[in-house]
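Throughout, residue positions are numbered sequentially from 1 according to the sequence presented.
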Amino acid sequence: MRLKDKVAIITGAASGMGAAEAKLFAKEGAKVVATDVNEELLQKVAEEIKAEGGEVLAIKHNVASEEEWKSVVAKAVETFGKVDVLVNNAGISTDKTLANMTMEEWNRVMDINLNGCVMGMKYTIPEMQKAGGGSVVNISSIGGIVGMAGSSPYTAAKGALRALSKSAAVEYAKDKIRVNSLHPGIIVTPMTAPTIEAAMPYYKAFTQLPYFGEPEDVAYGVLFLASDESRFMTGAELVIDGGWTAL
């Protein structure tokens, strides 16, 4: 098992990529702390994991809340004794451009897509230091690498997360804590499906493979970065985008 005896916190685990990651991690031997604001869907994911013999702690969690981050990390340590892996997966999308958004909309995207990741690292990294090392996987986006029309707040947050991952990688390399970013392209999830349908010609024009990605395509990349197989990778960008950024 690729994550045997590792304790992993995965945010946004109730559906889409996060749910796929949580299920795969459990199959690979991790003790999973799955969090999400949608408690009902989260419990269903947890039940599936338990039915397959996996270990999981499901916690309702708003990643934009510092107090809730403190509580999640404390519960993870209380239940499983340590934290080895953090997957900052939770996020929201937006179709706003700079000229048609409100600052409230801007701040909401930043709070969830960027500040939530900052707080996740702030409170898990000390536990990783105690454990003698760890791996942080920050789910960014190809929007953090290239410009994408109609999503300025989203791409700004994802670009900042990409840069932050590199800085954190340098800061904590001496502690054997690796920090990498992962950049999905068009992945069909409950969150993205309506957007994909509305902008199908645009997405097809840039995605070089003749199909879009599935949550499992990302989950296997996250598994690699979380595992010791990537022990010499930090500050790197793993792009899973069907060839979008190859253009």
**Student:** Short question: side chain of Trp106, backbone of Met101 - any donor-acceptor pair under 3.5 Å?
**Tutor:** no

**Student:** Between the side chains of Tyr123 and Glu66, is a donor N or O closer than 3.5 angstrom to an acceptor N or O?
**Tutor:** yes

**Student:** Taking only distance into account, with no hydrogens and no angle test, what donor-acceptor pairs under 3.5 Å do side-chain atoms of residues 41-62 form with protein atoms, sequence neighbours excluded?
**Tutor:**
{"unit_1": "Glu48", "atom_1": "OE1", "unit_2": "Lys23", "atom_2": "NZ", "d": "2.9"}
{"unit_1": "His61", "atom_1": "ND1", "unit_2": "Thr35", "atom_2": "OG1", "d": "2.9"}
{"unit_1": "Asn62", "atom_1": "OD1", "unit_2": "Ala64", "atom_2": "N", "d": "3.0"}

**Student:** Assess whether a salt bridge exists between Lys31 and Asp84, defined as any Lys/Arg side-chain N lying under 4.0 Å from an Asp/Glu carboxylate O.
**Tutor:** no

**Student:** Check residues 131-138 and write down every donor-acceptor pair under 3.5 Å in which the side-chain atom is one partner and the other belongs to a residue at least two apart or another chain.
**Tutor:**
{"unit_1": "Ser135", "atom_1": "OG", "unit_2": "Leu225", "atom_2": "O", "d": "2.8"}
{"unit_1": "Asn138", "atom_1": "OD1", "unit_2": "Asn88", "atom_2": "ND2", "d": "2.9"}
{"unit_1": "Asn138", "atom_1": "ND2", "unit_2": "Ser165", "atom_2": "OG", "d": "2.9"}

**Student:** Give a yes or no answer on whether the side chain of Asn107 reaches the backbone of Met103 with a donor-acceptor pair at less than 3.5 Å.
**Tutor:** yes

**Student:** Looking only at atom types and distance, does a side-chain atom of Ser181 sit under 3.5 Å from a main-chain N or O of Ser140, one as donor and one as acceptor?
**Tutor:** no

**Student:** With distance as the sole test, does Thr189 use its side chain to make a donor-acceptor pair with the main-chain N or O of Thr192 at under 3.5 Å?
**Tutor:** yes

**Student:** Counting only pairs under 3.5 Å, give me each side-chain donor-acceptor contact of residues 149-156, with atom names and distances, residues two or more places apart or in other chains.
**Tutor:**
{"unit_1": "Ser151", "atom_1": "OG", "unit_2": "Met148", "atom_2": "O", "d": "3.4"}
{"unit_1": "Thr155", "atom_1": "OG1", "unit_2": "Ser151", "atom_2": "O", "d": "3.1"}
{"unit_1": "Thr155", "atom_1": "OG1", "unit_2": "Ser152", "atom_2": "O", "d": "3.1"}

**Student:** Which residues pass the salt bridge (charged side-chain N to carboxylate O under 4.0 Å, His left out) test with Asp95, not counting sequence neighbours?
**Tutor:** none

**Student:** For Ile177, does its backbone N or O pair with a side-chain atom of Asp175 as donor and acceptor, under 3.5 Å?
**Tutor:** no

**Student:** Hey, can you pull the donor-acceptor pairs under 3.5 Å for the side chains in residues 10-17, sequence neighbours left out?
**Tutor:**
{"unit_1": "Thr11", "atom_1": "OG1", "unit_2": "Asn89", "atom_2": "N", "d": "2.9"}
{"unit_1": "Thr11", "atom_1": "OG1", "unit_2": "Ala90", "atom_2": "N", "d": "2.9"}

**Student:** Angle class for the Tyr203/Phe212 ring planes (parallel below 30°, perpendicular above 60°, tilted otherwise)?
**Tutor:** perpendicular

**Student:** Are Lys130 and Glu127 ion-paired here, with the side-chain N under 4.0 Å from a carboxylate O?
**Tutor:** yes

**Student:** What residues form a salt bridge (charged side-chain N to carboxylate O under 4.0 Å, His left out) with Lys70, not counting sequence neighbours?
**Tutor:** Glu67

**Student:** Would you say the rings of Phe224 and Tyr220 are close, in the sense that their centroids are separated by under 6.0 Å?
**Tutor:** no

**Student:** Would you check if the side chain of Lys158 reaches a backbone N or O of Ile139 as a donor-acceptor pair within less than 3.5 Å?
**Tutor:** yes

**Student:** Do Leu238 and Leu164 belong together in a cluster built from hydrophobic side chains that touch within less than 4.5 Å?
**Tutor:** no

